[in-house]
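This is a predicted model, so every value here is computed, not measured. Positions are given from 1, in the same order as the sequence printed here.
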Amino acid sequence: PKISLGNTASLTQYGENLSPGTHEITIADEAKLDIYLQSGGDTIGDYSLFDNVRLVKVVSAASFYPPEFELQNLEAVADPDVTEPAAKATSIETPSYLDPVSGTKVFRATIPSDFPSGTFVRHEYSRRQAFNCDNTRYIAQASNGFWLLYDANTFQVLPRGRANGALLGMAGDCEAFWDATDPAKLIYTGNNGGLVYWEKDVETDTDTVAFDFTGRLPGGWSGTTAMWTKSEGTPSADGRYMAFMATSYNSGSQSNVIHGLVCYDRQTDTIVGTLDASAFSGNFPDHISMSPSGDFVVPSWAFTPALGTRVYNRDFSSYTIILDESEHSDLALNALGQDILVAADYGQDNIIAYNLHTDETWNIMGLYPRAGANIGAIHISGKCFEQPGWVLISTYADSSDYTSTYPDSELEPGQRALFLVELLPESFRMLFVCHTRAAEDYGGYFGEHQATISRDGTRAMFATNFNDGGVSSDYMVLLP
């Protein structure tokens with residue numbers, strides 16, 4: 001088995017060249033440590049952990065790559081041509097292609113014909129999890145809002161009860177979140193939010209009410225019709241805590257109205273905090289999310305520097321402003337289990353990381369590598385909660401000559417790429433994963449790559465059209 005153990009101490013005992021079966025590992029308390037053990041079998045052993053040592057990751061020993069395979073440091077690397085696969089992959093054993101620089105295995109995971117009445121099928125967003133908790137399933141959305149369920153090892157659509165095999169009930173931006181521990185379950189609500197969330201068993205395509213906010217909100221919020229994150233939020237890593245915007249639609253002014261913010265504890269079915277919209281002058285947030293630890297609520301406002309991106313505690317009794325904007329970002333865990341916000345900070349010309357627990361901030365890389373050039377727009381995914389300490393970044397639309405030349409005439413590190421960043425304030429690694437296979441003709445918003453990483457950090461999904469100007473499809477890349 002392969003394990004990563006973290007927190008604070010020294011290794012006192014470990015086994016090497018383990019055979020399948022049960023093995024005991026003893027770790028002294030107060031240690032900071034990563035252990036990687038490999039065996040030729042696929043049986044996960046039993047592990048004894050002591051005091052402050054926390055089990056971060058356990059995955060099968062069956063590896064996607066040979067033991068010596070490693071991702072290389074991020075550099076400016078050429079983008080050799082790869083022929084666009086005409087068909088989807090059919091097996092996890094047979095990639096559609098290998099990235100010609102990194103050697104990573106890439107699989108075409110969707111194709112427009114998966115949903116015949118739509119024009120494309122792709123995952124939702126970088127801040128949303130495409131894969132379920134054990135990587136056996138993934139979900140993707142058709143251009144007309146229908147949702148499809150896939151087998152993550154054969155890439156085949158698993159037909160369900162709606163038209164063209166789509167999942168029943170789910171439509172549009174329905175805030176679909178995979179369960180943290182049950183691979184068959186997800187929750188969702190109505191398009192653009194509702195008061196009721198349903199728990200869906202994706203194997204039977206049946207729904208039960210997960211929770212209902214009807215009649216439970218503050219009295220002044222009686223007009224609320226939607227509880228949602230506005231497309232970019234997620235629950236805490238364990239699925240317990242959730243943050244929502246309470247909103248409605250004013251048909252007269254044809255605008256959304258914000259009534260307030262809510263922190264909800266799903267485990268106890270209680271609202272643990274509310275903040276009336278008067279506290280932020282009724283300005284409609286860009287989005288809201290729970291931090292992975294469940295300790296913080298993180299809303300952000302675009303084009304309103306006095307509000308910016310804020311970190312509230314769960315009962316909204318105090319907050320910190322960490323950015324004066326709402327930028328492309330995501331929340332992740334570092335190896336100590338602390339919440340880290342990674343964001344494009346255009347005011348500081350850097351991709352930055354901010355520790356929500358300690359207020360420490362550091363720069364990851366510059367957004368403008370030389371005069372007149374930029375690395376492009378970025379998306380960030382911090383959803384590898386079971387392999388904490390990393391985020392996945394994808395980039396697109398790089399340019400030079402002060403945006404008059406697309407793409408950049410001189411390739412820079414990080415452009416048109418997926419890469420991993422280690423969440424350390426210094427001496428951190430940045431590892432190249434694969435090319436995005438698109439440049440100036442990436443296909444507009446729904447062609448943006450918006451790569452998202454699996455909970456265990458072994459898979460990532462990204463969209464690309466191979467720069468043909470047409471619609472994009474999803475591609476899965478395996479991570480070592």
Side-chain angles (χ1 to χ4, degrees), residues 123-125 127-133 137-141 145-149 160-162 166-218 221-249 256 258-275 285 287-292 294 297-299 314 331 383 385 455:
H123 71 287
E124 187 178 16
Y125 194 57
R127 293 175 60 117
R128 291 289 176 81
Q129 187 59 266
F131 300 98
N132 66 349
C133 63
R137 301 285 184 262
Y138 60 89
I139 51 174
Q141 189 177 21
F146 290 88
W147 287 82
L148 298 177
L149 178 70
R160 294 300 183 254
R162 210 168 184 184
L167 288 158
L168 290 168
M170 297 172 64
D173 182 9
C174 60
E175 303 277 336
F177 307 124
W178 281 110
D179 191 89
T181 58
D182 188 337
K185 301 292 178 60
L186 58 75
I187 63 169
Y188 75 98
T189 189
N191 184 28
N192 293 332
L195 295 179
V196 179
Y197 276 71
W198 292 274
E199 182 178 78
K200 177 179 286 294
D201 185 321
V202 297
E203 302 307 319
T204 61
D205 204 10
T206 54
D207 296 346
T208 57
V209 174
F211 46 91
D212 185 350
F213 289 108
T214 304
R216 302 176 64 184
L217 299 175
W221 302 7
S222 58
T224 299
T225 57
M227 297 288 286
W228 61 325
T229 73
K230 199 169 173 282
S231 309
E232 297 189 22
T234 51
S236 57
D238 61 5
R240 176 173 180 174
Y241 293 103
M242 307 180 75
F244 296 106
M245 299 160 45
T247 71
S248 59
Y249 183 73
N256 288 312
I258 177 75
H259 300 276
L261 308 179
V262 172
C263 181
Y264 171 71
D265 183 344
R266 189 178 176 193
Q267 180 175 303
T268 61
D269 189 28
T270 56
I271 293 173
V272 297
T274 62
L275 182 69
H287 65 271
I288 190 171
S289 185
M290 205 72 209
S291 72
V297 177
V298 186
R314 284 197 295 262
L331 292 151
K383 297 297 179 271
F385 301 137
R455 286 185 69 95

Problem set entry | Straight-line distance of Asn256 CG to Ser248 OG, nearest 0.5 Å | 8.0 Å
Exercise. Just by distance, do the side chain of Arg314 and the backbone of Gly273 share a donor-acceptor pair under 3.5 Å?
Worked result: no
Exercise. Is there side-chain contact between Glu232 and Ser289, with at least one heavy-atom pair below 4.5 Å?
Worked result: no
For this session: Write out all pairs satisfying salt bridge (charged side-chain N to carboxylate O under 4.0 Å, His left out) with one or both partners inside residues 186-199, taking only residues at least two apart or from two chains.
Result: Lys185-Glu199, Glu199-Arg266
Exercise. Between the main-chain N or O of Leu168 and the side-chain N or O of Lys200, is there a donor-acceptor pair closer than 3.5 Å?
Worked result: yes
Problem set entry | Donor-acceptor under 3.5 Å (Asp265 side chain, Val272 main chain) | no
Exercise. Heavy atoms, side chains only, cut-off 4.5 Å: are Leu275 and Pro299 in contact?
Worked result: no
Exercise. What closest approach, in Å, do Thr181 and Pro183 show between heavy atoms, and which atom pair accounts for it?
Worked result: O-CD, 3.5 Å
Exercise. Closest approach of Ala246 and Ile258, non-hydrogen atoms and distance?
Worked result: O-CD1, 3.6 Å
Exercise. Do Trp228 and Thr247 have side-chain heavy atoms sitting under 4.5 Å apart?
Worked result: yes
For this session: Look at the aromatic rings of Phe131 and Tyr138 and report parallel, tilted or perpendicular, splitting at 30° and 60°.
Result: perpendicular
For this session: Say whether, by atom type as modelled, one donor and one acceptor occur between the side chain of Arg127 and the main chain of Leu331 under 3.5 angstrom.
Result: no
For this session: Quick one: pull up SG in Cys133 and CZ in Phe385 and give me the separation to the nearest 0.5 Å.
Result: 13.0 Å
For this session: Applying salt bridge (Lys or Arg N to Asp or Glu O under 4.0 Å), name anything that partners Asp238, two or more places apart in sequence or on another chain.
Result: none
Exercise. Taking the side chain from Thr274 and the backbone from Val262, do they hold a donor-acceptor pair closer than 3.5 Å?
Worked result: no
Problem set entry | Heavy-atom closest contact (Ala237 atom, Ala180 atom, distance) | O-CB, 3.5 Å
Problem set entry | Thr229 side chain near Met245 side chain, heavy-atom distance below 4.5 Å | no
For this session: With rounding to the nearest 0.5 Å, note down the distance linking CG in Leu186 to CG in Leu167.
Result: 7.0 Å
For this session: Only pairs at least two apart or in different chains count here, so list each side chain to side chain donor-acceptor pair (under 3.5 Å) that has a residue in residues 186-198.
Result: Tyr188-Asp207
Exercise. What residues form a salt bridge (Lys or Arg N to Asp or Glu O under 4.0 Å) with Lys230, not counting sequence neighbours?
Worked result: none
For this session: Grab the two heavy atoms, one from Ala130 and one from His123, that are nearest each other, plus how far apart they are.
Result: CB-CB, 4.2 Å
Exercise. Do the side chain of Gln129 and the main chain of Phe177 share a donor and acceptor less than 3.5 angstrom apart?
Worked result: no
Problem set entry | Distance, nearest 0.5 Å, that separates CE of Met242 from CD1 of Ile288 | 11.5 Å
Exercise. Backbone N or O of Asn132 within a donor-acceptor pair of the Arg137 side chain at under 3.5 Å?
Worked result: no
Seminar exercise, completed: Applied to residues 169-180, the salt bridge (charged side-chain N to carboxylate O under 4.0 Å, His left out) test, sequence neighbours excluded, yields Arg128-Glu175
Problem set entry | From CH2 (Trp178) to CD1 (Ile139), nearest 0.5 Å | 5.5 Å
Exercise. When rounded to the nearest 0.5 angstrom, what distance separates CG in Asp269 from CZ in Phe211?
Worked result: 8.5 Å
For this session: Output yes when a side-chain donor or acceptor of Arg162 lies under 3.5 Å from a complementary backbone atom of Trp147, and no otherwise.
Result: no
Problem set entry | With sequence neighbours excluded, residues passing salt bridge (Lys or Arg N to Asp or Glu O under 4.0 Å) with Arg160 | Glu203
For this session: Would you name the heavy atoms of Pro235 and Met290 that are closest together and state the gap between them?
Result: C-CB, 4.0 Å
